[in-house]
Amino acid sequence: MKALVVGNGGREHALAWALLRSPNVEQVFCTPGNGGTASTQNCQNLPIKVDDFAAIAQAVADNSIDLVVVGPELPLSLGITDYLQQRNIKVFGPNKESAQIEASKSWAKALMQEAGVPTAESETFTEAQAAIAYIQQQGAPIVVKADGLAAGKGVIVATTEAEACAAVEELFTQGFSKLVVEEFLEGEEVSVLALTDGITIRPLLPAQDHKRIGEGDTGKNTGGMGAYADAPIATPAIMQQIEQEILQPTIATLRKRGIDYRGVLYAGLMITPEGKAKILEFNCRFGDPETQAVLPLLETPLDSLLLACAEQKLAQHPPIKWQDGIAVCVVAASGGYPDAYEKGKVITGIEKAEDKDAIVFQAGTKLEDGKVVTDGGRVLGVTAVGKDFSSAIAQVYSAIECIEFEKMYYRRDIGHRVR
Ligand code: AMP
Ligand code: GLY
């Protein structure tokens with residue numbers, strides 16, 4: 001089969017890589033892809049933007065593509081799936097209505113309440129005064145969430161009432177018309193990416209990511225500076241609770257509403273000190289960089305799972321098989337990220353890192369005159385698989401040390417919670 005991956009990040013390189021490992025997949029196209037997908041055998045980039053649905057549909061027809069796999073939330077929330085399905089194209093990724101689960105915090109919160117899943121207490125507000133009164137009544141710490149895609153900048157975990165009130169004013173001033181104010185939950189976060197065809201849901205291995213730029217999980221929030229799977233905090237008992245109390249009721253409630261959700265349901269969870277999982281947020285896509293840690297452990301061919309979701313045949317699919325061991329992914333970023341950074345720096349040492357038995361997933365890169373150069377904040381993610389955390393961590397760092405570009409930055413403590 002031939003697949004087309006929409007997007008240009010590390011997650012999309014990992015999806016293309018995992019698809020090409022399957023004996024059934026002869027070729028993968030990426031729109032627009034990056035330097036990594038451009039340099040991968042049997043993988044070809046097509047210079048099409050993720051929101052140019054007509055050009056994507058044309059590329060599907062021109063190249064006899066059997067399945068489109070959508071990476072980022074933006075095209076999903078703009079309705080790429082609806083557009084392609086109307087043209088009889090098979091798509092892995094939820095439709096526009098379903099994608100609200102990520103695009104609208106208030107929609108997601110109402111769904112969680114209807115499904116009766118464990119989550120933080122919350123209220124939705126359309127004006128500052130009422131939100132501020134609620135914050136004053138609840139006290140701090142408290143969490144303020146903008147309703148709408150905000151590129152990771154829409155959530156403020158406020159330690160004081162004043163900070164929370166300022167966040168409310170700021171978000172309404174920025175033009176958001178709704179926000180959610182929610183109870184602060186204590187604990188450790190875990191990401192469970194689950195595959196669903198709208199009826200059946202199958203969780204992948206739990207992963208944890210490191211969101212902050214600085215070592216010791218300090219400093220500004222980023223898209224994610226590293227990740228690992230299988231995350232030991234999500235014990236088999238907790239995974240069972242997540243599946244039974246969160247994932248299954250959520251899919252059942254979507255179905256009851258007549259919503260046919262086919263794709264990844266990404267559950268961002270808090271494991272409380274009592275050992276109970278509560279849902280913080282849902283995303284409608286694979287996580288980045290969690291995908292770069294989870295997919296290298298997958299033994300079942302990815303294409304057969306994604307097709308089963310797209311064709312609503314997941315219940316008939318054999319159980320997902322995993323390789324034993326642990327995968328750790330460390331992200332290398334451009335110096336200055338998540339603030340301003342320079343682009344166009346030549347990257348060397350990728351092959352040397354690969355010779356150390358690591359996988360180099362490229363993210364913000366492009367191929368220029370045969371050289372791979374930096375083209376974004378998160379430049380690449382190096383993943384190593386080991387029998388345990390200490391061997392995977394040692395291996396990933398010995399590989400990433402081979403790679404160089406001007407002002408390259410990476411955290412040296414990925415996996416510190418489990419070391
Ligand atoms: P979200 O986009 O809703 O996942 O929020 C982004 C981040 O904010 C999460 O990954 C958590 O670190 C934090 N966060 C969100 N909601 C809460 C909450 N209710 N309690 C504590 N931290 C939260
Ligand atoms: N790593 C967090 C996310 O993909 O949203």
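Reckoned from all heavy atoms, side chains included, excluding hydrogens, waters and symmetry mates. Order of appearance sets the numbers: ligands from 1, and atoms from 1 within every ligand.
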**OP:** Return the set of residues passing side chain to side chain contact (heavy atoms under 4.5 Å, CB included) with Ala133 (not counting sequence neighbours), or none when no residue passes.
**Re:** none
Original post:
Which of the atoms of ligand 2 are close to Asn283, meaning less than 4.0 Å from one of its heavy atoms?
Top reply: 5 (O)
Original post:
With a cut-off of 4.0 Å, which atoms of ligand 2 are near a heavy atom of Glu290?
Top reply: 1 (N), 2 (C), 4 (O)
Original post:
To the nearest 0.1 Å, how far is atom 5 (O) of ligand 2 from its closest protein heavy atom, and which atom is that?
Top reply: Arg285 NH2, 2.8 Å
Original post:
Phe389 vs Tyr228 aromatic rings, parallel, tilted or perpendicular, using cut-offs 30° and 60°?
Top reply: perpendicular
Original post:
Quick one: which ligand 2 atoms are inside 4.0 Å of a heavy atom on Gly223?
Top reply: 1 (N), 2 (C)
Original post:
Who are the salt bridge (Lys or Arg N to Asp or Glu O under 4.0 Å) partners of Arg202, not counting sequence neighbours?
Top reply: none
Subject >> Glu401/Lys356 salt bridge by N-O under 4.0 Å criterion >> reply: no
**OP:** Assess whether side-chain contact (heavy atoms from CB on, under 4.5 Å) is satisfied between Leu298 and Leu295, documenting all intermediate values.
**Re:** CA-CA 5 Å; Leu298 181 69; Leu295 291 185; 4.1 Å; yes
Original post:
Are any of the side-chain heavy atoms of Thr250 and Thr253 separated by less than 4.5 Å?
Top reply: no
Original post:
Would you call Gly287 a ligand 2 contact, heavy-atom distance under 4.0 Å?
Top reply: yes
Original post:
Are Thr40 and Trp17 close enough that some pair of their side-chain heavy atoms sits under 4.5 Å apart?
Top reply: no
Original post:
Nearest to atom 3 (C) of ligand 2, what protein heavy atom do you find, and at what distance?
Top reply: Tyr266 OH, 3.5 Å
Original post:
Are the charged groups of Glu97 and Arg257 less than 4.0 angstrom apart, N to O?
Top reply: no
Original post:
Side chain or backbone of Glu73 under 4.0 Å from ligand 2, or both, or neither, by non-hydrogen atoms?
Top reply: neither
Got a list of side-chain donor-acceptor pairs under 3.5 Å for residues 329-336, not counting sequence neighbours?
| residue | atom | partner | partner atom | Å |
| --- | --- | --- | --- | --- |
| Ser334 | OG | Gly376 | O | 2.7 |

Starting from the N and O atoms of ligand 1, find every protein N or O within less than 3.5 Å and list the pair with its distance.
| residue | atom | partner | partner atom | Å |
| --- | --- | --- | --- | --- |
| ligand 1 | 2 (O) | Lys105 | NZ | 3.0 |
| ligand 1 | 2 (O) | Glu281 | OE1 | 3.0 |
| ligand 1 | 3 (O) | Lys105 | NZ | 3.0 |
| ligand 1 | 3 (O) | Lys145 | NZ | 2.9 |
| ligand 1 | 4 (O) | Glu281 | OE1 | 3.2 |
| ligand 1 | 4 (O) | Glu281 | OE2 | 2.8 |
| ligand 1 | 10 (O) | Glu189 | OE1 | 2.6 |
| ligand 1 | 10 (O) | Lys211 | NZ | 3.2 |
| ligand 1 | 12 (O) | Glu189 | OE1 | 3.4 |
| ligand 1 | 12 (O) | Glu189 | OE2 | 2.4 |
| ligand 1 | 16 (N) | Lys145 | NZ | 3.1 |
| ligand 1 | 19 (N) | Glu182 | OE2 | 2.8 |
| ligand 1 | 19 (N) | Glu183 | O | 2.8 |
| ligand 1 | 20 (N) | Leu185 | N | 2.8 |

Original post:
Does the pair Glu182/Lys105 count as a salt bridge with the N-to-O cut at 4.0 Å?
Top reply: no
**OP:** Determine, using heavy atoms of Ala227 and all atoms of ligand 2, whether some pair is separated by less than 4.0 Å.
**Re:** no
Original post:
So, are Glu406 and Lys345 salt-bridged, with charged N and O less than 4.0 Å apart?
Top reply: yes
Original post:
Numbering the atoms of ligand 2 from 1, which are under 4.0 Å from a heavy atom of Asp209?
Top reply: 1 (N), 2 (C)
Original post:
Is any N or O atom of Glu281, backbone or side chain, closer than 3.5 Å to an N or O atom of ligand 2?
Top reply: no
